[in-house]
Visitor: 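Pasting in a structure now, in structure tokens, and then I'll have a few things to ask.
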Amino acid sequence: MGTAKRWARGGGRRRSTRGQRLRVGAPLPGAGACCSAAVGKYLMVDIKTRFAPSPTGQLHVGSARTALFCHLLARKMGGMLLLRIEDTDRARHVEGAVERIVDDLKWLGIDWDEGAGVGGDKGPYVQSQRLGIYTKHVEKLLDAGLAYYAFETAEQLAGLRQTAEAEKRSFIYRRPDSLPTRGQAEAVKAEGRPAVVRFKTPGEDVAIHDEVYGVVTVPGDQQDDFIIMKADGWPTYHLANVVDDALMGVNFIVRGQEFLGQTWRHKLLRDAFGWPEPRYAHLPLIMDMKGRKLSKRDGDVDILSFRKAGYLPEAMINFIALLGWSPGNDRERFSLEELREAFDIDRLNKTNAKFDRDKLLAFNTAAIAEADEDRLLVAFEDYLSLNETPFPAGDTAMLRRLLQVNKGFRTFADIVSKSGSLFVADDAVEYNGKAVEKVLAKNDGDGWAVLAELRALLGACPWTGEALEKLLGEFCTGRGLGMGKVAQPLRVALTGGTISPAIGETLTLLGKDKTLSRIDRCLALART
RNA sequence: GGCCCCAUCGUCUAGUGGUUAGGACACCGGGUUUUCAUCCCGGCAACAGCGGUUCGAGCCCGCUUGGGGUCACCA
């Protein structure tokens, strides 16, 4: 009935229209629909989304985007976002990973209403603290005859799988003709042999209704009796995830597309427990530039790496928001606040996206240009706290000065490469061979000559920006030289290379003593 | 390999039967600038292919090709 109509669009392209928006307010089979609220002119059931990461390492850009979309959906619809930690694989658990994830989410500006870090009345929100709940639910299934014990070892299964592969068949676990009784299972466990619990899959086609992909049907003959409880007594992802979503009142699941082909398991499990279906929105995947799935193993695609590399969270957010979503027009610069307003689940697209670092860099450059100094100072200090740099981290006046003098920088790391040498010891300055050759030695040592002359003038000059600029300007006109012919030799002498802030700034930042001593040191180089 | 999903510039994307197929990044060229970066201007560049449906297809359907996901006692 209504259901059929609601999903009638099938796999076709969905675009936002008034008519479709109304669909949002249609009566939902969603769990935990305790109340409804009028938002704008649409009546809708309150939604509750969740972000459920596994604490196996860093939060990477793919997970961050999922969290962002969950957050945006909840905020836009006036719903709730819940954070749950899925750590049922105690072998892969990484110490400190939960704190890492929470910290990265906070840095990005993504907040949530319930769960890890903020509490709530449906907890605990860490799966390793909910074992009893899962056990109880597995028992229910066992008692109802909807699940059964199986005793194959992991090795035996691997063997069967290998055989199947050799015969070019896909391996699907075959349910034994006679299932063990609870007593037999206890006996096996008592012997120390492994026993897992498998779900008794009906074997009928299952249709999943997805907000992004439409109706996806998985043939019954492709379904296996998947494991819901491992031999170590812990539930598998499928069981724990479904149980928790239901018990915690989650009615809108947003997650990566890699789960789409497995959602039939979740639907079957919900059916078995008699729980209503939530709404699903699977997100297209984020790939690397070679088109391969972006994974945590890919190295620096985790949020912390970008933070350490000098990126602004607002740029990260803006960029990842556009991976799989677009507003429908030519606009692409958004603050988190603006995204919360503009986000529309109907505008999610289905095609995988490649993670283009060049574009991220461009967004970061723009975000930096738009940010005011106070904002930049906070971010700069955060950057400095995560990196070893020659800068005096506690000297905010100096940090502000660096921000001003380096205008146009693309990441905070640019400030280090452009101004860092001004803060190291004189003898730590390394001269770049090419720069020395091109700027100082070339043309019979014109550069050296300019430097020597400047050394004397500088020594007698009051050390203010104005006086120095004036001195250099007069020097240039007096010699008929362009500023480049004067500033560059100085740069090389002072920093070892050709890159530094405007020459007047470079001189005042360095100070008179260091300027003179570095020129002397450089001049000495000419005589060797 | 089975099953499922996807398909517009190199990349992110706009496009809901009639458009010179738009924007952004990258790239190329030019300009501003004492270096680098920033900034400004201009340019290059796409509907995977083949069949249908239609007066008319990037938009609808099918096939082919290509890409991806999934087939774990990981999530």
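A, B, ... follow the sequence lines: proteins, then strands. Residue 1 opens every chain.
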Visitor: In whole angstrom, give the distance that lies between atom CD of A:Q162 and atom C1' of B:C71.
Guide: 16 Å
Visitor: Write down the distance separating the P atoms in B:C4 and B:C63, rounded off to the nearest Å.
Guide: 12 Å
Visitor: Counting the atoms with a prime plus P, OP1 and OP2 as sugar-phosphate, which does A:E165 contact under 4.0 Å by heavy atoms, base, sugar-phosphate, or nothing?
Guide: nothing
Visitor: For atom P, what is the distance between B:U53 and B:G58, given to the nearest Å?
Guide: 16 Å
Visitor: Return the nearest nucleotide to the side chain of A:Q222; candidates are B:G22, B:C3, B:A14.
Guide: B:C3
Visitor: Sticking with atom P, work out how far B:U8 lies from B:C59, rounded to a whole angstrom.
Guide: 12 Å
Visitor: Hey, is the side chain of A:T506 poking within less than 4.0 Å of OP1 or OP2 on B:U35, counting only N and O atoms?
Guide: no
Visitor: Can you tell me the distance, in whole Å, between the CZ atom of A:F319 and the P atom of B:U13?
Guide: 9 Å
Visitor: Could you give the distance separating B:G51 and B:A24 at their P atoms, to the nearest angstrom?
Guide: 36 Å
Visitor: Of all the nucleotides listed (B:C5, B:U34, B:C71), which has the minimum atom distance to the side chain of A:S170?
Guide: B:C71
Visitor: Check whether any side-chain N or O of A:K354 sits under 4.0 Å from OP1 or OP2 of B:U11, and answer yes or no.
Guide: yes
Visitor: CG of A:L507 versus C1' of B:U35: gap in Å, rounded?
Guide: 13 Å
Visitor: Step by step, work out the side chain to side chain donor-acceptor pair (under 3.5 Å) result for A:N406 and A:S419.
Guide: CA-CA 8 Å; A:N406 284 282; A:S419 304; 3.0 Å; yes
Visitor: Please name the pair of heavy atoms, one in A:D221 and one in A:I172, separated by the smallest distance, quoted to 0.1 Å.
Guide: O-CD1, 3.2 Å
Visitor: Taking any strand in view, what nucleotide pairs with B:C9 in a Watson-Crick or G-U wobble way, both distances under 3.5 Å?
Guide: none
Visitor: Using the closest heavy atom to pick a nucleotide of RNA chain B for each, name whichever of A:R198 or A:I499 lands nearer the 5' end.
Guide: A:I499
Visitor: For the side chain of A:D356, counting heavy atoms from C-beta on, which of B:C25, B:U35, B:A75 is nearest?
Guide: B:C25
Visitor: Over 60° means perpendicular and under 30° means parallel, so tell me whether A:F412 and A:F409 are parallel, tilted or perpendicular.
Guide: tilted
Visitor: Are the side chains of A:V429 and A:T495 in contact, using a 4.5 Å heavy-atom criterion?
Guide: no
Visitor: Please measure how far the C1' atom in B:G15 lies from the corresponding atom in B:C47, and state the result in whole Å.
Guide: 11 Å
Visitor: Can you find an N or O donor on one side and an acceptor on the other, under 3.5 Å apart, linking the side chain of A:K359 with the base of B:A26?
Guide: no
Visitor: Of the listed nucleotides (B:C6, B:U13, B:U35), which one gets closest to any side-chain atom of A:A502?
Guide: B:U35
Visitor: Counting heavy atoms from C-beta on, name the nucleotide in B:C73, B:U70, B:U35 closest to the side chain of A:Q262.
Guide: B:U70
Visitor: Can you tell me, in whole Å, how much space there is between the P of B:C41 and that of B:G23?
Guide: 13 Å
Visitor: Please give the distance between the P atoms of B:C60 and B:G2 as a whole number of Å.
Guide: 27 Å
Visitor: Between P on B:U35 and NZ on A:K407, what's the gap in Å once rounded to a whole number?
Guide: 19 Å
Visitor: Counting side-chain heavy atoms from C-beta on, which of B:C25, B:A75, B:U11 comes nearest to A:R92?
Guide: B:A75
Visitor: Out of B:C25, B:U34, B:U13, which has the shortest distance to the side chain of A:T351?
Guide: B:U13
Visitor: Applying a 4.0 Å non-hydrogen cut-off, can you work out what A:P327 is touching in the nucleic acid: base, sugar-phosphate, or nothing?
Guide: nothing
Visitor: Nearest 0.5 angstrom please: A:T263 OG1 to A:Q257 CD, how far?
Guide: 10.0 Å
Visitor: Assign each of A:G328 and A:P219 to its nearest nucleotide of RNA chain B by heavy atoms, then name whichever residue's nucleotide is nearer the 5' end.
Guide: A:P219
Visitor: Decide yes or no, distance alone: a donor-acceptor N/O pair under 3.5 angstrom between the base of B:G68 and the side-chain of A:N352.
Guide: no
Visitor: CZ/A:F355 to CG/A:L285 distance, rounded to the nearest 0.5 angstrom?
Guide: 14.0 Å
Visitor: Starting at CE of A:M287 and ending at P of B:U70, how long is that distance when rounded to a whole Å?
Guide: 9 Å
Visitor: For A:T153, report the nucleic acid contact type (base, sugar-phosphate, nothing); a contact means any heavy atom under 4.0 Å.
Guide: base
Visitor: For B:U13, does OP1 or OP2 lie under 4.0 Å from any side-chain N or O of A:N349?
Guide: yes
Visitor: State plainly whether the residues A:R50 and A:D245 are in salt-bridge range, i.e. N to O under 4.0 Å.
Guide: yes
Visitor: Run the ring-ring contact (aromatic ring centres under 6.0 Å, His included) test on A:F226 and A:H238 for me, step by step, so that the C-alpha distance in whole Å, both residues' side-chain angles and the decisive distance to 0.1 Å come before the verdict.
Guide: CA-CA 9 Å; A:F226 55 97; A:H238 303 297; 5.8 Å; yes
Visitor: So what's B:G58 paired with, Watson-Crick or G-U wobble, going by both distances under 3.5 Å?
Guide: none
Visitor: If I take atom CG in residue A:L260 and atom C1' in nucleotide B:C5, what distance separates them, rounded to the nearest angstrom?
Guide: 7 Å
Visitor: Using a 4.0 Å heavy-atom cut-off, does A:G482 contact any base of the nucleic acid, only the sugar-phosphate backbone, or nothing at all?
Guide: nothing
Visitor: Using a heavy-atom cut-off of 4.0 Å across all strands, would you classify A:V216 as base, sugar-phosphate, or nothing?
Guide: sugar-phosphate
Visitor: Side chain of A:I227, heavy atoms from C-beta onward: which of B:G69, B:G2, B:C73 has the nearest atom to it?
Guide: B:C73
Visitor: Rounded to whole Å, please give me the gap between CD1 in A:I415 and P in B:C36.
Guide: 18 Å
Visitor: Work out how far the P atom of B:G1 is from that of B:U13, and round it to whole angstrom.
Guide: 28 Å
Visitor: If I take atom CG in residue A:L285 and atom P in nucleotide B:C12, what distance separates them, rounded to the nearest angstrom?
Guide: 13 Å
Visitor: Is B:C71 paired to anything, Watson-Crick or G-U wobble with both distances less than 3.5 Å, and if yes, which nucleotide?
Guide: B:G1
Visitor: Return yes if the base of B:C36 and the side-chain atoms of A:K418 contain a donor-acceptor N/O pair under 3.5 Å, otherwise no.
Guide: yes
Visitor: From the options B:U13, B:U34, B:A75, select the nucleotide whose nearest atom is closest to the side chain of A:A353.
Guide: B:U13
Visitor: When you measure from the side chain of A:L322, which nucleotide among B:C73, B:C12, B:U34 comes out closest?
Guide: B:C12
